[in-house]
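Below, each value reflects all heavy atoms present in this structure, side chains not excepted, and no hydrogens, waters or symmetry copies. Position 1 is the first residue of the sequence; numbering continues from there. Values in this document were obtained by computation on a predicted structure and should not be read as measured data.
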Amino acid sequence: MIESTTTISTEESSGIKLDSIEERILKDQISVAEKKESYITLYRFATKLDWIILLIGLVFSAATGTAMAERSVLFGIMTDYFIRLQTHTISSNEFSEESNYLFLVYIYFAIFTFVATYISLTTWVYTGERIARQIREQYFRAVLRQNIAYFDKYGTGEVATRITSDIHLVQDGISEKFSLAFLYISHFIATLIISLTISWKMTLVIGCIIPFLAINSSLMNKYSAIFTKRNLDFYSRAGIIAEESISTIRAAVAFGAQKKLSDLYDAYLGEAKKEGFKKSLLVGFTLGIMFFGMYASASLSFFYGAINNEISFGQVVSVSNLIVNGFFSLTTFYDYIQAISLATGAGSKLFETIDRVPSIDIASDTGDKPKIVTGHIQLKNIKFIYPTRPDAKILNNISLDLEPGSIVALVGSSGSGKSTIASLILRFYDPHSGDIFLDGHNIKSLNLIWLRRQIGFVNQEPVLFKTTIAENVSYGLIGSIYENLPNNEKREMIENACKKANAHDFIMKFPDKYETMVGERGTLLSGGQKQRIAIARAIIKDPRILLLDEATSALDTQSENIIQNALDQASKGRTTIVIAHRLSTIRNATKIIVMNKGVIVESGTHKELMDKKGYYSKLVETQKIIQTLKAEKNILKESFNILNSNIPSLKDEVTTSLTANDINYHQINLVTRASSHASSHSNLDQQNSDVEIGLTHDDHNYTVLEMIKKILFIDRSEFLILSIGIISSIINGCLSPIFGISYANVFHAFTKTGDALHNEATFWSLMILVFSVMIFFVNAIQNVALGFSSEKLTEKIRSISFASILRQDISFFDEENHSVGILTSHLSLDVTYINGLAGITLGNLLHVTFMIFASVIVSFIIGWKFTLVCICSIPIMIAAGGLRIKILSNLQQKTKKAYEYSTQIACEAAYNIRTVAVLTCENNLWERYHNLLDEPMRQSTKNALLASIPFAFANCIFFLITALAFWYGSILIMNNEYDLKRVITIFAVLVMGSSFTGRFFAYAPDMVKAKSASDYIMKLLERVPNIDTWSQNGEKIKFAKGHLKFSNVHFRYPTRPNFPVLQGLNLEIKPGQNVALVGPSGCGKSTIISLVEMFYQVTNGTITLDEIDIAKMNVNNLREHIALVSQEPSLYDMTIKENILLGCLPGQNITQNDLEKVCRQANIHEFIVGLANGYDTRVGGKGIQLSGGQKQRVAIARALIRNPKILLLDEATSALDSESEKVVQNALDAAAHGRTTIAIAHRLSTIQNADIIFVIKDGKVHEQGTHQELLELQGIYFMMIQKQHLGESN
């Protein structure tokens, strides 16, 4: 059972006591019955036909294993014929007759083995696909059925892991892996029975080595798995650091934290390397022991044959081969048993979910479905605790009565329980005490699907699915009377909903309009665009109840006003619950409920609550913008009249601006300028070209030799250990012919009799024993040395690659092919591929290459005729051995690839389970998933059926090659051209030797991939960005005054060169000034901050700091004087203390008092010390254990720790509720003293006291002045103020 994630509660432990019924209600929402399934239960979805096919497959698996054992028997019989011919105890005619019959038997066995292997494999692969599909569908259906508390405990990540990984493990264990396990255990049993039949005495003598080798193999498998797991765990942690660093690259660059993050990454790599060293030592010695045992058993066999006259030499060879092959089959069987064991474990977890019936069951048909809904909602004495956080009381005896058609607003600080009420109405959870009623019906008695279909819901973080805009909006129609309308009528409804949500205009500007794909989770749209589509989806079915949880939070003031009007219209005639931090959006509500710490503290209309001068009034005052002009009241009144008459035109102007900005992103209009600007344009184009050069990669393709040279140069410090490994590999390869010569001499010895036989056989048996000792040492040294070298190379390449990625400028990360996923994938996968050019795989390739080279030379020296025939078998043997292993390893990967798209759908549904639950689109998604499985199943089955052909061929090829070699060898012997010793030497050196080479080539990675990976890494390492943090060049200043000036600044993003963002921007910020930037989304506010941080180079114009062009300054020195707090705070999977210290300057000594001081300034200290581990509390990946407001305050503390001269605040308080915002804003105001501050804000209340406010429009300063001066202008800023004004004059 996976433990639930520990969460940091924002509430104090309340020592809550629950009775047994209440505890049961909580427990039922998250409990999962732990199951330990047996292997056979994995086949619970198999049909009778499946079982018949499986049994047929098993019969042929057993037959194949037995046939493979007979190969050793045939080899022994053939050996006896050759010895009898050599000793003239059989005539040439008799030999020819018997051997020809034997060659036919070889061919028959080859054909039978091919057919039996193919049938045994295809039957199990086919049924495995069928059963795995059933498991996939049943599991996905079960996942969609689960209640929200289940996902709170286990996380959507676990569901994604089960779908992407565990089902593949199950499929692996119920298809070809079981069939092959049965084949190899059948082979082992057959070898044991046959060898005992031939000579039970010899079998017992030789068999004593088997337990020794079995223990060695089991130790290698067990501890290798342990070291590999630890190694991968450390690489996984390093990968998390890499993923977080790249995804938050702006924060990392802004604080100069690249070196700190790189050191942290390297620390995990160092730990991974240690585990890799342990594994290399283990594998080196255990492999050496295994090869020693294999050759030593041959030595013992021949010695036994020499001293025992009861059995022929052919029988000695048969028993020896049977026992060695049986051992390898047993080892392979245990490998497959691991896959079966993994499948059983994975299946247990899958069936836990499949069999779980949640307490809140969306799949249940029970429950009332009233025909008429008025929307009367009542909450009676509701007490609620989240099942995963039983120590935090969220709602404490809440009672509410929401009249039909009323608009009720829920306001209050973060964590007061507002969103929880929405979740309870949707029945995401059940309260442990109290009841909720809809039109007098307890919602527990209502059908769950019916209930949710009466509600339209817009969340603070809108979720869209990876499909078209039209289909996303149409999800809102699921379950309504409009669901099955003709497509043209449905399209009309979609467009009307989008018009109401102010989304139609920007949609129509896309090339594909409503058929535009929105990307995974809507990533191809801006936050405001996603929000508007989500609103359209909520209102399209005309629901009786509307829940709006911060529905306009992602919008700027102008868009918010337009959509708020749309929502106000949509709210008419239906019960609406609005949750909002921006109180301007709810002032017209029928009733406002003010909450704090899980209780209702006030309720009433806006006017009633303002008159009370209570909690709500304080919240309003926090956001209220004081709008008092210096003129008399009559001038104020006149101003309002002027405003009222001008609002339409102003509104049109701003809306046009907004629309233009939306349009320009997708559709760029090139405007021809006047001739007077021609020189300026050519200058701008030149600058733009310079920017693009920074993104152009060197297209030089390195050869494999160049790549190896570069990699060896990187690994030059390990040259000695690498050289030892390479020399050992070469020696290992060259030793192989020695065994062939010794083996042939043993054959020759058995053509003699008496003492000569005994003496020669004993001598050569001892030579093989000496050879086995040499093989032990050479293999151990090769694998240990190259293993060490490989681990060190992996560490170095990962380290320098990560450092090089962090070195790049921001424009590098803007490119589509430099996304987080792609870069982290290169960091992990490319190193694996590069090890194909260096490391263990290089050693194996050298081993095999020199073995073949040495074998061919020795064979040609001994006899060129027979060598020419046998040499043809080498590529076939290598290909066969390689194919056998490569196909099996690729089969699983191909299956994963085939199911990739359907898996994405399942993972997307799991990640967005709340949206799925609200839309009740579980059945639609399941049907879509079901249909998407058709093609991959067909493709996967086809791949498997085709892949079984080369595998079956690989299994039978040794029969054919042995038959060919012995046939031609017999002709040469009968013609007196060769003797037996020469034939067996060449056969042992070439044919038997090459049969082992396939396994090495099978594990060699694709050289094309290795070259491609090396090519990418080398280009990355050699890429020098335009804005280079490694450069020591540039002017440095010790103390900055903070005087910033933009002079005729033009800017275009390098990835969007045809889209101008800043167009001749001029603004000046004097030292110590508190400056605010306001304007509609897309006007260039955040771009200005990016340019101050020198994330990009300006296209034209200059930016100066204290009259020094920042382009001529050292970029690290520039950033040391600046601190940034962005809209989305970026925290790392470290402790709170470590996150804050990332903001420190190089060499800055920070005491605990300094740390606590900045945390007090950011209003986070009290929260931190209230945690069990205080400042040493880990915040989780991306700070997931903290709320949005808590993360933002930690980010503010991180910015203040470096005591910057320039403070950049990009919506720094956007994630905070009114109460926290006021405190933090006061802290920021205090922190702004004595330093230059640039703030971007949509909530204009946060910047009204700024020294100067710049209103940005179309990439230029449109208005500037103080708050009062801009109000007197009565321009764009004045109108924006009116939209957010909360005073009674509204």
message = Go through it in stages, so that I can follow the logic: the residues are N325 and T191, the test is side-chain hydrogen bond (donor to acceptor under 3.5 Å, both in side chains), and I'd like the CA-CA distance, side-chain angles, deciding distance and then a yes or no.
response = CA-CA 8 Å; N325 290 336; T191 58; over 6 Å; no
Take F333 and F188 through the ring pair (Phe, Tyr, Trp, His ring centres under 6.0 Å) test and state the conclusion after the steps.
CA-CA 9 Å; F333 169 74; F188 171 74; 8.6 Å; no
Does the ring pair (Phe, Tyr, Trp, His ring centres under 6.0 Å) test come out yes or no for F178 and Y336, once each step is laid out?
-> CA-CA 7 Å; F178 186 85; Y336 290 133; over 10 Å; no
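At least one donor-acceptor pair under 3.5 Å links the side chain of S728 to the backbone N or O of I724. In this structure a side-chain-to-backbone donor-acceptor pair under 3.5 Å is present from N745 to I741. Distance alone, capped at 3.5 Å, is enough to place a donor-acceptor pair between the T867 side chain and the S859 backbone. In this structure a side-chain-to-backbone donor-acceptor pair under 3.5 Å is missing from S789 to A785. Between the D80 side chain and the G314 main chain, a donor and an acceptor come within less than 3.5 Å of each other. Checked by atom type and distance alone, the side chain of S179 pairs as donor or acceptor with a backbone atom of S120 at under 3.5 Å.
Scored by the salt bridge (Lys or Arg N to Asp or Glu O under 4.0 Å) test, K222 finds no partners at all (sequence neighbours excluded).
Enclosure of atom CD in E977 by more than 12 non-hydrogen atoms of other residues, nucleotides or ligands within 6.0 angstrom is indicated. More than 12 heavy-atom neighbours from other residues, nucleotides or ligands sit within 6.0 angstrom of CZ on F860. Within 6.0 Å of atom OH in Y223, 12 or fewer heavy atoms from other residues, nucleotides or ligands are found, so the atom counts as exposed in its surroundings.
The two residues C872 and L868 come nearest to each other via the heavy atoms SG-O, 3.3 Å. Residues G740 and V989 share a closest heavy-atom pair of CA-CG2, 3.8 Å. S765 and F303 get closest at one heavy-atom pair: OG-N, 3.3 Å. Closest heavy-atom contact between A190 and A69: CB-CB, 3.8 Å. The heavy-atom pair separating V746 from I768 by the smallest distance is CG2-CD1, 4.1 Å. Closest non-hydrogen pair, G725 versus Q782, comes out as O-CG, 4.1 Å.
Using cut-offs of 30° and 60° on the angle between ring planes, the pair F747 and F75 is perpendicular. The aromatic rings of F292 and F776 lie perpendicular to each other, with more than 60° between the two planes, well past the 30° mark. Using cut-offs of 30° and 60° for the angle between ring planes, the F866 and Y968 rings count as parallel.
Put simply, the residue from F750, W764, Y743 that forms a ring pair (Phe, Tyr, Trp, His ring centres under 6.0 Å) with F302 is Y743. Residue F966 forms a ring pair (Phe, Tyr, Trp, His ring centres under 6.0 Å) with just one option from F959, F82, F103, Y81, and that option is F82.
Between V770 and M774, the closest side-chain pair of non-hydrogen atoms falls below 4.5 Å. For the pair Y118/I949, a side-chain contact is recorded, criterion being any heavy-atom separation below 4.5 Å from C-beta on. The shortest distance between side-chain heavy atoms of M974 and S96 falls below 4.5 Å. Residues M220 and F285 are not in side-chain contact: their nearest non-hydrogen atoms beyond the backbone lie 4.5 Å or more apart. L213 has its side chain out of reach of M294: every pair of non-hydrogen atoms, C-beta onward, lies at least 4.5 Å apart.
Rounded to the nearest 0.5 angstrom, I973 CD1 and L980 CG are separated by 5.0 Å.
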